[in-house]
Amino acid sequence: MVIYGVALLAGCMMIGLVIGDLLGQLLGINANLGGVGIAMLLLIFVTGYLKARGKLPDATASGIKFWNAMYIPIVVAMAASQNVAAAFSGGLVALLGGALAVVLGLAMVPVFAGRRASSSVVTDAEEPRSESFPTHTAGR
């Protein structure tokens, strides 16, 4: 049922927010540290676990996909705007930390995406030619 997918998403969101609040308290910060990100990672792991065992019906997956398209981008945008506002009020160290995280994230894209070896690209000169096709017709 679709409602099970929504319930799974809501459960992951609540657990993520609680963990984010606990992380904030442990570090002495009065904020939620990564609760939305933790919730999304938890949702990815739980759905992957259920799919691998064949316990995620298509209707449940459609409930997750619906709220994925509607709700999570809005929550991420809201959390990002709060982080930007906090960074501006936090001073230069917060801005430098954010810029460093972006630069390192961009630098890691090729690592996570995987690079192709340059030798795997076949050029026209290296392509093997088949000799079974005649290049001209005899008798014309």
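Every value quoted in this text rests on a predicted model; they were computed, and no experiment measured them.
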Please tabulate, one pair per line, all N/O donor-acceptor pairs under 3.5 Å involving side-chain atoms of residues 20-31, not counting sequence neighbours.
{"residue": "D21", "atom": "OD1", "partner": "N32", "partner atom": "ND2", "Å": "3.4"}

Review point. What residues join M14 in its hydrophobic cluster, counting side-chain heavy atom gaps under 4.5 Å, either direct or through other members?
Key: none

**Study point:** Residue pairs fulfilling side chain to side chain donor-acceptor pair (under 3.5 Å) with at least one residue in residues 6-17, sequence neighbours excluded
**Key:** none

Exercise for review: Among residues two or more places apart or on two chains, list those pairs meeting side chain to side chain donor-acceptor pair (under 3.5 Å) that have a residue in residues 102-111.
Suggested key: none

Review point. When you measure from the side chain of T60 to the backbone N and O of L56, does any donor-acceptor pair fall under 3.5 Å?
Key: no

Check your understanding: From M40 CE over to L9 CG, what is the distance, rounded to the nearest 0.5 angstrom?
Key -> 10.5 Å

Practice item. Would you name the heavy atoms of C12 and A39 that are closest together and state the gap between them? Key: O-CB, 3.3 Å

**Study point:** Hydrophobic cluster identity match, Y49 and I38, side-chain contacts under 4.5 Å
**Key:** yes

Practice item. Any chance you could pull the hydrophobic cluster mates of L104, using side-chain heavy atoms under 4.5 angstrom and chaining through other members? Key: L100

Exercise for review: Measure the shortest side-chain to side-chain distance between L42 and I19 over non-hydrogen atoms and say whether it is less than 4.5 angstrom.
Suggested key: no

Check your understanding: Got a sec, which hydrophobics cluster with V103, joining ILVMFWY side chains under 4.5 Å apart, including via others?
Key -> none

Practice item. Hydrophobic side-chain clustering at under 4.5 Å (ILVMFWY, transitive links): who's grouped with L41? Put none if nobody. Key: F45

